[in-house]
Amino acid sequence: MERVISVIPNHKLHLHTTHSWEFMDFSPGKIRPQEEGNIVIGFLDSGIWPESESFNDEGMSPPPAKWKGKCHNITCNNKIIGARYYNSEGLYPTTEFKSPRDAIGHGTHTSSTAAGREVDGASFLGLAKGTATGGVPNARIAVYKVCWDMLGCSNADILAAFDDAIADGVDILSMSLGSDDPQPFFDDALAIGAFHAMKHGVLSSASAGNSGPSPATASNLAPWMLTVAASSMDRKFISQVVLGNGEIYPGIAVNSFKLNGTSFPLVWAGDVANYSGGNGLLNAKNCLPGSLNSNKIAGKIVLCNSVLGDYTGVVMANGLGAIVSFPIPFLIDIALSYPLPATQVKTGDGDAILEYIRTTENPIGTILVGETWKDIMAPYVASFSSRGPNRLNPEILKPDITAPGLDILAAWSPVASPSGSPFDTRKVKFNVISGTSMSCPHASAVAAYVKALHPNWSPAAIKSAIMTTANVMDPRKNDDHEFAYGAGHVNPLAATNPGLVYNASEADYIHFLCKQGYNTSTLKQITGESNASCDGIVPGRAWDLNYPTFGVAVEDGQSVNATFTRTVTNVASANSTYRVTVQMPSSVNVEVHPKELSFSTVGEKKTFTVKVSGPKMVEQPIQSGTIVWKDGVHVVRSPLIVYTITPNSMTTSPFRPTERIGFGANSNNWNMHF
């Protein structure tokens with residue numbers, strides 16, 4: 001049919017599952033409520049719990065006149081001004097609501113992180129008590145429920161939600177979800193929807209995924225999207241183990257259970273296997289369901305050597321508590337919540353606890369209730385946060401930015417388990433969870449904040465402002481450098497006054513797609529426009545897309561030779577002069593021309609080129625540099641990275657059908673599970 005632009009498989013996407021604003025030196029509510037109240041953030045997620053205190057509308061004016069949204073099967077107010085739900089398959093698990101109401105907590109958490117009202121005395125069962133607030137507490141919320149318990153999030157529902165959100169009049173879209181296996185853009189519902197949003201002036205903020213720290217795992221790779229990694233803040237949740245010999249071992253957990261310092265018998269899971277149930281040592285020490293003998297662990301604390309951080313077997317066998325010794329050292333930064341007294345300790349500490357159990361006639365111990373400690377190493381990128389390089393477009397650095405995503409306290413659905421366990425019967429109004437799902441709404445709120453102050457800025461301008469004003473991350477704490485954190489850590493206040501922006505339009509992105517090998521037919525599948533054409537555009541590198549970062553991917557064994565063209569727009573003082581400084585390892589030469597940009601009016605544009613050259617490179621890890629424009633007031637900073645890619649043993653790039661590219665020895669490990 002002529003009106004059908006394209007047909008794509010109905011893939012299932014997955015959810016990428018408040019001290020954070022204080023950590024960023026940002027006090028929500030800095031702009032007038034009426035300015036913030038003109039901004040509507042749309043959330044493609046699992047719904048919302050409208051009765052949460054975070055969504056009260058006390059003192060809020062009616063929705064802005066532009067708003068055309070609707071509320072289906074729940075009662076909205078002046079805070080939640082739109083709520084729709086989508087279920088194209090017509091399947092509703094018994095745990096779900098046939099409405100925008102949130103059954104799993106995820107959507108409630110993300111929306112309150114970005115735009116929740118101030119709630120005094122918020123805590124997770126007494127932990128992290130304080131005032132919970134979103135970054136833009138006076139902004140409006142519109143909910144588009146596309147994700148369902150046990151079913152995930154379908155492409156058909158996502159695209160329908162995009163259509164409605166754009167027509168309703170949202171200003172920013174926040175999407176804490178992504179694909180297991182990123183597709184070419186013409187098969188990617190999020191990329192297609194975000195492109196149409198961009199055409200209508202709406203920036204789409206999306207999570208990078210939770211498949212780190214493996215390389216080339218980042219998702220939501222389209223350059224017209226803001227892709228957000230997850231990093232820590234200076235607060236971590238600790239639950240200590242105290243042994244009968246007086247030794248104390250700190251564990252990481254969001255543990256609200258109080259044993260009041262009472263000691264209980266300790267056993268190692270490997271010694272209490274449920275052999276009659278067909279389980280041996282391997283299943284038992286991992287504390288898998290049904291693997292433990294309930295007669296031997298009832299009323300005891302069990303040490304699990306679990307590669308999965310599992311505890312289910314302890315709960316099922318009536319164990320009192322669990323100490324999880326986690327053998328994967330890079331995942332020890334995640335504080336999990338459990339349905340029983342539990343904590344996870346480093347492997348070495350787990351070995352020491354096991355030695356105590358084996359050498360003591362009657363080993364005893366206890367798990368202390370959780371507390372918060374200051375993390376002086378913050379910020380660093382979370383271990384789970386998906387990394388670059390960008391497997392679809394190696395010249396486009398992804399993720400774009402990082403934001404707090406570890407141990408975030410925000411509103412929760414009272415019908416959802418706070419730990420995700422079916423054995424957990426606790427009901428909470430606020431929960432502490434981690435993920436790029438949690439970092440994404442932080443960036444979405446910053447985008448909304450910038451939009452409120454600069455309502456006429458394009459999505460690309462807002463994205464540029466966020467990226468070029470980001471705080472510099474310490475590469476000594478992040479081995480993957482820009483592949484972990486992109487342009488740096490989001491800085492809400494600085495983003496409102498960037499000085500210069502790298503703007504881009506629909507035409508620029510179409511030119512980018514043509515350079516990547518798209519033709520008129522595949523281009524139409526993304527743009528939806530029959531007149532979009534790649535005539536006269538020769539496929540090649542993406543170096544001339546007006547992006548706020550610079551990436552040089554060099555085929556292994558080849559020399560470095562790249563030329564970028566960029567145009568910046570003055571959004572600050574009418575009369576200003578910017579001078580450039582370049583930092584780069586000595587093995588790579590960088591020339592910027594001209595070295596000085598003078599502006600006489602606001603909105604004036606200036607173009608410059610960047611030439612990057614260097615010797616042949618073999619298996620070269622990322623080399624990091626920067627290009628910085630300064631006028632004495634503003635600092636406009638862009639990362640420049642150079643790294644090698646391997647030409648063999650790679651899958652074909654969906655953008656360049658004849659070119660085979662890849663990213664080193666781990667390049668085939670591309671399946672992502674969020």
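Start at 1 with the first residue, then count along the sequence. Below, all heavy atoms of this structure are taken into account, side chains as well, without hydrogens, waters or symmetry copies. Here the structure is a predicted model, which is why all the values come from computation and not from measurement.
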Return yes if a side-chain donor-acceptor contact under 3.5 Å exists between N478 and Y380, otherwise no. no

Just by distance, do the side chain of N220 and the backbone of L177 share a donor-acceptor pair under 3.5 Å? yes

Non-hydrogen atoms of P404 and M24 that approach each other most closely: CD-SD, 3.8 Å

With side-chain contact (heavy atoms from CB on, under 4.5 Å) as the test, would you mind laying out the steps for Y449 and F26 before giving the verdict? CA-CA 11 Å; Y449 184 66; F26 180 67; 3.6 Å; yes

Set out, in order, the CA-CA distance, both residues' side-chain angles and the distance that settles side-chain contact (heavy atoms from CB on, under 4.5 Å) for T110 and M438, then state yes or no. CA-CA 6 Å; T110 56; M438 285 64 255; 4.2 Å; yes

Does a donor on one side chain and an acceptor on the other come within less than 3.5 Å for T563 and K611? no

Take atom NZ in K346; do more than 12 heavy atoms of anything else shown fall under 6.0 Å from it? no

Roughly how far, to the nearest 0.5 Å, is CG of D171 from NZ of K451? 5.5 Å

My understanding is that only residues two or more places apart in sequence, or in another chain, count here; which of them pass ring-ring contact (aromatic ring centres under 6.0 Å, His included) with W629? F608

Do you see a donor-acceptor pair shorter than 3.5 Å between the side chains of S174 and S444? yes

Let's go through K463 and D400 carefully: what are the C-alpha distance in whole Å and the side-chain angles of both, what is the deciding distance for salt bridge (Lys or Arg N to Asp or Glu O under 4.0 Å) to 0.1 Å, and is it a yes or a no? CA-CA 9 Å; K463 176 177 173 176; D400 292 308; 3.4 Å; yes

Got a second to check how far H593's NE2 is from T607's OG1, nearest 0.5 Å? 11.5 Å

Does one side chain, of N503 or S458, offer a donor that lies under 3.5 Å from an acceptor on the other? yes

Residue pair I408 / I433, side-chain heavy-atom distance below 4.5 Å: no

Do Y547 and W224 have ring centres separated by under 6.0 Å? no

Can you measure from CD (E482) to CD1 (I641) and round to the nearest 0.5 angstrom? 6.5 Å

Does S219 reach the main-chain N or O of A208 with its side chain, forming a donor-acceptor pair under 3.5 Å? yes

Whether the Q623 and S587 side chains hold a donor-acceptor pair (N or O, under 3.5 Å, no angle test) is what I'd like checked. yes

Is a side-chain donor or acceptor of D188 paired with a backbone partner of A191 at a separation under 3.5 angstrom? yes

Dump the intermediate steps for side chain to side chain donor-acceptor pair (under 3.5 Å) on H106 and D45, then the final yes or no. CA-CA 7 Å; H106 190 275; D45 215 298; 2.6 Å; yes

Centroid-centroid under 6.0 Å between F185 and F195 rings: no

Under the ring-ring contact (aromatic ring centres under 6.0 Å, His included) test, residues paired with F564 that sit two or more places apart: W543, F550

Would you compute the distance between atom OG of S112 and atom CH2 of W412 and round it to the nearest 0.5 angstrom? 10.0 Å

For D508 and H511, test the side chains for any donor-to-acceptor distance below 3.5 angstrom and give the result as yes or no. no

Checking the side chain of S386 only, and the main-chain atoms of G209 only, is there a donor and an acceptor separated by less than 3.5 Å? yes

Is a side-chain donor or acceptor of K79 paired with a backbone partner of A139 at a separation under 3.5 angstrom? yes

Looking only at side chains, do T217 and S211 share a donor and an acceptor under 3.5 Å apart? no

Taking the side chain as everything from C-beta on, heavy atoms only, tell me whether K606 gets closer than 4.5 Å to F599. yes

T496 and H454: CA distance, side-chain angles, deciding distance, side chain to side chain donor-acceptor pair (under 3.5 Å) verdict: CA-CA 8 Å; T496 64; H454 304 286; 5.5 Å; no

Donor-acceptor contact present, side-chain S231 to main-chain A403, <3.5 Å: yes

Nearest heavy-atom neighbours spanning Q344 and L336: OE1-CD1, 4.2 Å

Inspect the surroundings of CD in E596 and state if more than 12 heavy atoms from other residues, nucleotides or ligands are less than 6.0 Å away. yes

Is it the case that D120 and T131 place a side-chain donor and acceptor less than 3.5 Å from each other? yes

Looking at CG of D474 and NE2 of H481, how far apart are the two atoms once the value is rounded to the nearest 0.5 Å? 9.0 Å

Can T569 and L500 be said to form a side-chain contact (heavy atoms from CB on, under 4.5 Å), step by step? CA-CA 5 Å; T569 303; L500 306 175; over 6 Å; no

Is I141 close to I41 at the side-chain level, that is, under 4.5 Å between some pair of heavy atoms? no

Check: N210/T436 side-chain N/O donor and acceptor closer than 3.5 Å: yes

For a side-chain contact (heavy atoms from CB on, under 4.5 Å) check, start with the C-alpha distance between K374 and R235, then their side-chain angles and the critical distance, and finish with the verdict. CA-CA 5 Å; K374 187 173 182 64; R235 180 182 70 186; over 6 Å; no

We want to know whether K605 and T567 form a side-chain donor-acceptor pair, criterion being a heavy-atom distance below 3.5 angstrom. no

Heavy-atom neighbours of Q583 CD exceed 12 at 6.0 Å: no

Side chain to side chain contact (heavy atoms under 4.5 Å, CB included), paired with L226, selected from I401, V490, V446: I401

Taking A465's backbone N and O only, do any of them form a donor-acceptor pair with T469's side chain (distance below 3.5 Å, no angle check)? yes

Test side chain to side chain donor-acceptor pair (under 3.5 Å) applied to T577 and S598, step by step: CA-CA 4 Å; T577 298; S598 294; 3.2 Å; yes

Shortest non-hydrogen separation from T549 to A487 and the atoms involved: CG2-CB, 4.4 Å

Could you check whether atom NZ of K477 has more than 12 heavy atoms from other residues, nucleotides or ligands sitting under 6.0 Å from it? yes

Do N471 and N491 have side-chain N/O donor and acceptor atoms under 3.5 Å apart? yes

Working note: T565 + D544, criterion side chain to side chain donor-acceptor pair (under 3.5 Å); need CA distance, chi angles, decisive distance, verdict. CA-CA 5 Å; T565 302; D544 56 354; over 6 Å; no

If you look at every heavy atom in A114 and F43, which pair is closest and at what distance? CB-CZ, 3.7 Å

Does a donor on one side chain sit under 3.5 Å from an acceptor on the other, for N497 and H634? yes

Minimum-distance pair of heavy atoms, taken over all atoms of H489 and P379: CD2-CB, 3.9 Å

